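For reference, the structure is listed below as structure tokens.
Bear in mind the structure is a predicted one, so any value in this text is a computation, not a measurement.
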Amino acid sequence: MRGLTVAVLFVFSIFAAQLLRIQGFDSSAVAAEALEQRTEKVVIPALRGKITSADGVVLASSRARETVVADPTAVCTYQQKNKKTCDPATAGDAVDAAAAALAPLLGRSAADLRPVLTRTGRYQVLDRRVSPLTWRKIAKLGIPGIYKDSAEAVPERVYPQGPASASLVGYVMNDGEAGGGLESMMDKALKGKAGYSVFEKAPDGSKIPGGRQGGVRAVDGEDVTLTVNSNIQWYAQNALAQRMSEMGAQSGTAVVMNAKSGKVLALASYPTFDPNDIGRAKGSLVNKAVSDVFEPGSTAKVMTIAAALEDKKVTPDQPVIIPNRMQRFDASFKDSHDHPTLYRTVAGTLAESSNIGTILVGETLEPKRLEEYYRKFGLGSKSGMGFPGESKGLLAPADKWSGTQRSTVMFGQGLSVTAIQAASVFQTIANGGMRMTPTLVEGTTHADGTIEKTPTAPGTRVVSTDTATKVNAMLEGVVSKEGTAPQAQIPGYRVAGKTGTADFYDAKLGRYSGKTASFIGYAPADDPELVVAVILQRPSASIYGGTVAGPVFQDVMTYALQELKVPPTGTTKAAITLSVDPEVAQSDPNTLRDKPRGSGK
């Protein structure tokens, strides 16, 4: 007895010492550990900011969504009195009743839900996109084991215009991360900052009333306003899709830009996809107007002619003798069709889109000088928009040009551009020779409601106003009855533009296959407001830019002028001389004509 008494006292003394340590010396640390074990921290996701068009239409927005989860070991007790565990005799009826009650709220059939509610394991996701209102209705059912997992809650991104602006706006993946387009470009401003909620929970996971609570509120993302007009974007996208179907084209782009400011009003790309169901997207997830490069063809002749005019090497009415064929190094060059020797002016050369005539004009400049002008027009570098996935195109240094490439670059082959670069060239001419950096974002709206405007980049002088005016008159000739694109005329408005047809290089095949057909122009030509560029790749019904892309330009430009209420100017275009008398051309010492060149690569 004495031994047992001593042993008990010894054990009790150890307990007492331990109790003294826990409640006395280490009480703060133990209490903190206990609090940590019963404290739950739940992340509160921030809602991404809205993306709206210049005319106030929401192109992307976020809405709260809950993740509804089931614990099958508890669901089977639904409507069973005084039972905390499943009774095999009644479990089937309980699950059927729960499935029938949940089905209409989750938009699924009871037969579809039943297998999920009878699986093994205690965590089965029923739906990740349940609205708060629907969740409240589900909670009122009182089904055991049905709860929302706040840690899995991810706001849902909604795109009201769907495919019409998908490649421009981009998309957000299921985990809430930006996947492309403006969603990626403006992600830092849009995504906001997540918060969290802290509370004490009971062993069964429920919140302890009056327990410790706290946390940090989530800060929603900023709203972003674009320069894009939603109506013009929608119209351009659909007009492009319709024409592609008619022409059997592989892909296409349409760019609408403000001629004076460089603000982008539409950036259409096809094929497209549905950003509201990105998991099933089958179209291209990129915007081809900024990512895909192509040889521009005759639309690039504008740069060659403008460069020669700017350096005073030619004048608009200077005669040009254009043979049917012309040899340069080891290549024989021709125009789009056979013809007898033509006697045209420099203006007529551009109006009729002569490759040979453009080479004769371009040869008045050294290759290095031509390269300098091409780069001033924006070729070989990104546009400055900051759009993700944008290509800078392909423009080799002049000292790397082969003998024949020195000629082909003059009429748009042997170099590559993006649609936004090509549109920017015409914006430069339309704006009196001043190139403006294309912009897509008008500004952002902060949480306090203040609006931060996007800084306007200064323009770059490429050619003089006088040169731009002369080129402008020539481009009006392209849209005349004597030019290559009478289809682009718009009743009541003066229109200037240029057709383009070039070989299409297929990177997958590793060779040229098919054609690129394009038309780029602006209106009103005497006081330009809008630039529209239309490019279709590999059309099968026809290959010429005037007949393939010209009608889309005419359609989209007409709509955009009406949408923005741009009135006709009511002026008449200046007369330009397109042809000259053969005898005059032969006798004029300033006539541009073929001169034998050396042979080589």
Just by modelled atom types, is the [Y] backbone N or O under 3.5 Å from a matching donor or acceptor in the [X] side chain?
X	Y	value
Asp223	His446	no
Thr227	Val264	yes
Gln421	Lys392	yes
Tyr493	Val566	yes
Arg461	Arg435	no
Glu177	Val172	no
Ser391	Gly393	yes
Asp448	Thr450	yes
Ser165	Val169	no
Glu476	Ala473	no

Contact check, side chains of [X] and [Y], non-hydrogen atoms, under 4.5 Å:
X	Y	answer
Val471	Val302	yes
Asp555	Gln242	no
Gln427	Pro528	no
Thr418	Val290	no
Thr67	Val130	no
Ile146	Leu141	no
Thr501	Thr516	no
Phe519	Val532	no

Is the count of non-hydrogen atoms from other residues, nucleotides or ligands lying under 6.0 Å from [X] atom [atom1] greater than 12?
X	atom1	value
Lys382	NZ	no
Phe294	CZ	yes
Glu246	CD	yes
Arg375	CZ	yes

**Nearest atoms (heavy-atom pairs only) where Ala419 meets Thr253** = CB-OG1, 3.5 Å
**Fill in**
Here the pair of heavy atoms bringing Ser184 nearest to Gly179 is OG-C, 3.5 Å
**Request:** Determine, step by step, whether Asn258 and Val531 satisfy the side-chain contact (heavy atoms from CB on, under 4.5 Å) criterion, reporting the C-alpha distance in whole Å, the side-chain angles of both residues, the deciding distance to 0.1 Å, and the verdict.
**Result:** CA-CA 6 Å; Asn258 183 292; Val531 177; over 6 Å; no
**Message:** Is there a side-chain hydrogen bond (donor to acceptor under 3.5 Å, both in side chains) between Thr467 and Glu310? Walk through the geometry before answering.
**Reply:** CA-CA 6 Å; Thr467 295; Glu310 181 71 7; 2.6 Å; yes
Using 4.0 Å as the upper bound for N to carboxylate O, is an ion pair formed by [Y] and [X]?
X	Y	answer
Asp187	Arg48	yes
Lys515	Asp503	yes
Lys148	Asp127	no
Lys368	Glu372	no
Arg128	Glu66	no

**Item:** Listed once per pair and sorted, the ring pair (Phe, Tyr, Trp, His ring centres under 6.0 Å) pairs that draw on residues 215-250, sequence neighbours left out
**Value:** Tyr235-Tyr559
**Request:** Please collect all ring pair (Phe, Tyr, Trp, His ring centres under 6.0 Å) contacts where either partner lies in residues 154-184, sequence neighbours excluded, each pair once.
**Result:** Tyr171-Phe273
Any side-chain donor near an acceptor of the partner, [X] and [Y], under 3.5 Å:
X	Y	result
Ser464	Asp466	no
Asn287	Ser167	yes
Tyr374	Thr304	yes
Thr569	Asp527	no

**Request:** List for me each residue that meets salt bridge (Lys or Arg N to Asp or Glu O under 4.0 Å) alongside Lys301, sequence neighbours excluded, and say none if there are none.
**Result:** none
**Fill in**
Sorted by chain and residue number, the salt bridge (Lys or Arg N to Asp or Glu O under 4.0 Å) partners of Lys263 (sequence neighbours excluded) come out as Glu442
**Asked** Can you check side-chain contact (heavy atoms from CB on, under 4.5 Å) on Val228 and Leu168, steps first, answer last?
**Response** CA-CA 10 Å; Val228 172; Leu168 167 64; 3.7 Å; yes
**Prompt:** What pairs with Tyr147 under ring-ring contact (aromatic ring centres under 6.0 Å, His included), at least two apart in sequence or on another chain?
**Reply:** none
**Request:** Identify, with sequence neighbours excluded, every residue that meets side-chain hydrogen bond (donor to acceptor under 3.5 Å, both in side chains) alongside Ser381.
**Result:** none
Distance from [X] atom [atom1] to [Y] atom [atom2], nearest 0.5 Å?
X	Y	atom1	atom2	result
Leu536	Met244	CG	CE	6.0 Å
Gln554	Thr558	CD	OG1	4.0 Å
Leu530	Glu563	CG	CD	10.5 Å
Leu47	Ser62	CG	OG	5.5 Å
Gln250	Lys288	CD	NZ	7.5 Å
Leu240	Ser269	CG	OG	8.0 Å

**Request:** Could you walk me through whether Met303 and Val425 pass side-chain contact (heavy atoms from CB on, under 4.5 Å), step by step?
**Result:** CA-CA 8 Å; Met303 295 183 291; Val425 170; 3.7 Å; yes
**Item:** Stepwise side-chain hydrogen bond (donor to acceptor under 3.5 Å, both in side chains) test for Thr272 and Gln237
**Value:** CA-CA 9 Å; Thr272 185; Gln237 183 73 36; 4.6 Å; no
**Message:** Working note: Arg157 + Glu183, criterion salt bridge (charged side-chain N to carboxylate O under 4.0 Å, His left out); need CA distance, chi angles, decisive distance, verdict.
**Reply:** CA-CA 11 Å; Arg157 201 64 166 160; Glu183 292 279 21; 2.8 Å; yes
**Item:** Residue pair Thr499, Ile520: steps toward the side-chain contact (heavy atoms from CB on, under 4.5 Å) verdict
**Value:** CA-CA 7 Å; Thr499 57; Ile520 310 174; over 6 Å; no
